[in-house]
Amino acid sequence: MISVSYSEKDTYELGRSMGEKACPGKVFTLIGDLGTGKTVFTKGLAAGLGIKEPVSSPTFTIVQVYEEGRLPFYHFDVYRIGCVEEMDEIGYEDYVYGDGVTLIEWADLIEEILPEHYTEIRIEKDPEKGFDYRRIDICEY
């Protein structure tokens with residue numbers, strides 16, 4: 001499925017809608033260059049899960065856990081992962097195969113350990129269509 005966003009609000013609302021529909025064990029992967037709106041999408045997803053606390057990218061901590069929503073939310077940012085073995089050290093499988101909702105930013109860096117089923121969200125800019133234009137590809141695996 002292809003979605004088009006013309007503003008941060010559009011990107012946020014798409015995330016919120018997906019969060020409202022997410023069920024336990026759901027895994028989202030999020031791929032996009034710096035500045036494409038990954039954090040905006042993630043904030044929307046968290047809002048859809050009923051998370052009220054501020055959401056930020058866990059670039060240095062790798063995983064941020066939010067437990068006060070309707071489901072636990074596990075937000076990974078694997079940009080700084082040196083090798084996939086580091087994911088074992090932080091208990092990656094406990095989160096991904098748990099009862100919460102997992103979102104993994106920069107998931108293409110750990111493709112070999114992604115679960116069999118997940119939803120990939122790929123956000124891309126196209127400056128020719130406007131500064132705030134985003135093409136958001138959503139693919140189920």
Side-chain angles (χ1 to χ4, degrees), residues 1-127 129-141:
M1 176 180 112
I2 295 173
S3 186
V4 174
S5 171
Y6 294 100
S7 67
E8 283 190 11
K9 183 178 184 232
D10 290 349
T11 302
Y12 179 92
E13 289 300 321
L14 176 63
R16 187 185 55 71
S17 174
M18 292 178 80
E20 288 173 346
K21 297 172 190 163
C23 54
K26 183 69 177 169
V27 176
F28 295 97
T29 64
L30 188 53
I31 300 167
D33 291 334
L34 292 170
T36 56
K38 293 186 303 297
T39 301
V40 171
F41 177 88
T42 302
K43 288 178 179 182
L45 186 80
L49 290 168
I51 297 187
K52 303 214 181 320
E53 70 182 275
V55 173
S56 60
S57 192
T59 302
F60 295 100
T61 58
I62 301 173
V63 64
Q64 181 69 43
V65 177
Y66 303 90
E67 295 183 337
E68 84 286 354
R70 68 176 178 83
L71 293 169
F73 178 44
Y74 312 123
H75 179 198
F76 285 85
D77 182 329
V78 299
Y79 184 74
R80 298 192 186 283
I81 288 290
C83 62
V84 293
E85 288 76 24
E86 288 180 49
M87 297 301 286
D88 289 334
E89 294 171 17
I90 59 171
Y92 166 79
E93 288 188 358
D94 294 337
Y95 296 110
V96 170
Y97 297 106
D99 292 331
V101 172
T102 302
L103 180 134
I104 307 166
E105 291 189 50
W106 301 99
D108 49 331
L109 300 175
I110 60 163
E111 266 181 338
E112 61 267 34
I113 62 168
L114 291 176
E116 184 177 354
H117 301 287
Y118 60 92
T119 300
E120 179 183 275
I121 297 120
R122 185 175 296 269
I123 305 176
E124 297 174 340
K125 292 181 184 182
D126 186 343
K129 294 185 178 180
F131 180 77
D132 290 325
Y133 174 89
R134 302 291 186 269
R135 175 188 163 125
I136 304 173
D137 292 319
I138 302 167
C139 187
E140 298 286 338
Y141 290 97

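Not measured: the values here are computed from a predicted model.
The shortest side-chain heavy-atom distance between Phe76 and Tyr92 falls under the 4.5 Å cut-off. Inter-residue side-chain proximity for Ile31 and Ile121 is flagged as unmet; no heavy-atom pair is nearer than 4.5 Å. Under the 4.5 Å side-chain criterion, counting only non-hydrogen atoms from C-beta, Val4 is not in contact with Arg135. Looking only at side-chain heavy atoms (C-beta outward), Ile104 and Ile110 come within less than 4.5 Å of each other. For the pair Leu30/Ile123, a side-chain contact is recorded, criterion being any heavy-atom separation below 4.5 Å from C-beta on. Inter-residue side-chain proximity for Tyr97 and Val27 is flagged as unmet; no heavy-atom pair is nearer than 4.5 Å. Taking the side chain as every heavy atom from C-beta outward, Val84 and Glu112 approach each other to under 4.5 Å. A heavy-atom distance below 4.5 Å is not found between the side chains of Tyr141 and Thr119.
Here the NZ atom belonging to Lys21 is positioned 13.0 Å from the CG atom belonging to Leu49, to the nearest 0.5 angstrom. One finds the CD atom of Glu124 at 9.5 Å from the CD1 atom of Ile2 (value rounded to the nearest 0.5 Å). Atom CZ of Arg134 and atom OG of Ser3 lie 13.0 Å apart (nearest 0.5 Å). Between the CG atom of Asp88 and the CG atom of Asp94 there is a distance of 10.0 Å, given to the nearest 0.5 Å. Note that CG of Leu103 is 4.5 Å distant from OG1 of Thr42, once rounded to the nearest 0.5 Å. Put simply, OH on Tyr12 and OG on Ser17 are 12.0 Å apart, with the number rounded to the nearest 0.5 Å.
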Step by step, would you call His75 with Val63 a side-chain contact (heavy atoms from CB on, under 4.5 Å)?
CA-CA 5 Å; His75 179 198; Val63 64; 6.0 Å; no
May I have the step-by-step check of side-chain contact (heavy atoms from CB on, under 4.5 Å) for Tyr95 and Val65, ending in yes or no?
CA-CA 9 Å; Tyr95 296 110; Val65 177; 3.6 Å; yes
Please lay out, stage by stage, how Lys9 and Glu13 fare under the test salt bridge (Lys or Arg N to Asp or Glu O under 4.0 Å).
CA-CA 6 Å; Lys9 183 178 184 232; Glu13 289 300 321; 5.5 Å; no
Tyr6 vs Asp132, test: side-chain contact (heavy atoms from CB on, under 4.5 Å). Steps then yes/no.
CA-CA 5 Å; Tyr6 294 100; Asp132 290 325; 5.7 Å; no
Please assess Ile81 against Leu109 for the test side-chain contact (heavy atoms from CB on, under 4.5 Å), listing each intermediate value before the final yes or no.
CA-CA 8 Å; Ile81 288 290; Leu109 300 175; 6.0 Å; no
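The shortest heavy-atom contact between Leu71 and Ala22 is CD1-O, 3.7 Å. Listed here is the closest heavy atom pair of Ala107 and Thr29: CB-CB, 3.4 Å. The two residues Thr11 and Gly37 have their closest heavy-atom pair at CG2-O, 3.8 Å. For the pair Ser5 and Asp10, the tightest heavy-atom approach, listed with the atom from each and the gap, is OG-CB, 3.2 Å. For Val55 against Ala46, the heavy-atom pair with the smallest separation is CG2-CB, 3.6 Å.
Here the side chain of Lys38 pairs a donor or acceptor atom with the backbone of Gly32 at under 3.5 angstrom. A donor-acceptor contact shorter than 3.5 Å links the side chain of Glu86 to the backbone of Gly82. In this structure a side-chain-to-backbone donor-acceptor pair under 3.5 Å is present from Thr36 to Asp33.
Heavy atoms from other residues, nucleotides or ligands lying under 6.0 Å from CG of Asp126 number more than 12. No more than 12 heavy-atom neighbours from other residues, nucleotides or ligands sit within 6.0 angstrom of CD on Glu8.
No side-chain N or O of His117 forms a donor-acceptor pair with one of Glu140 less than 3.5 Å apart.
Taking the ring centroids of Tyr66 and Tyr74, they lie at or beyond the 6.0 Å cut-off.
Relative to the ring axis of Phe28, Lys26 places its NZ or CZ within 45° and under 6.0 Å from the centre.
When the salt bridge (charged side-chain N to carboxylate O under 4.0 Å, His left out) test is applied to Arg80, no partner is found at least two apart in sequence or on another chain. The salt bridge (charged side-chain N to carboxylate O under 4.0 Å, His left out) test applied to Arg122 returns Glu120, not counting sequence neighbours.
Under the salt bridge (charged side-chain N to carboxylate O under 4.0 Å, His left out) criterion, no residue pair touches residues 51-71, with sequence neighbours excluded.
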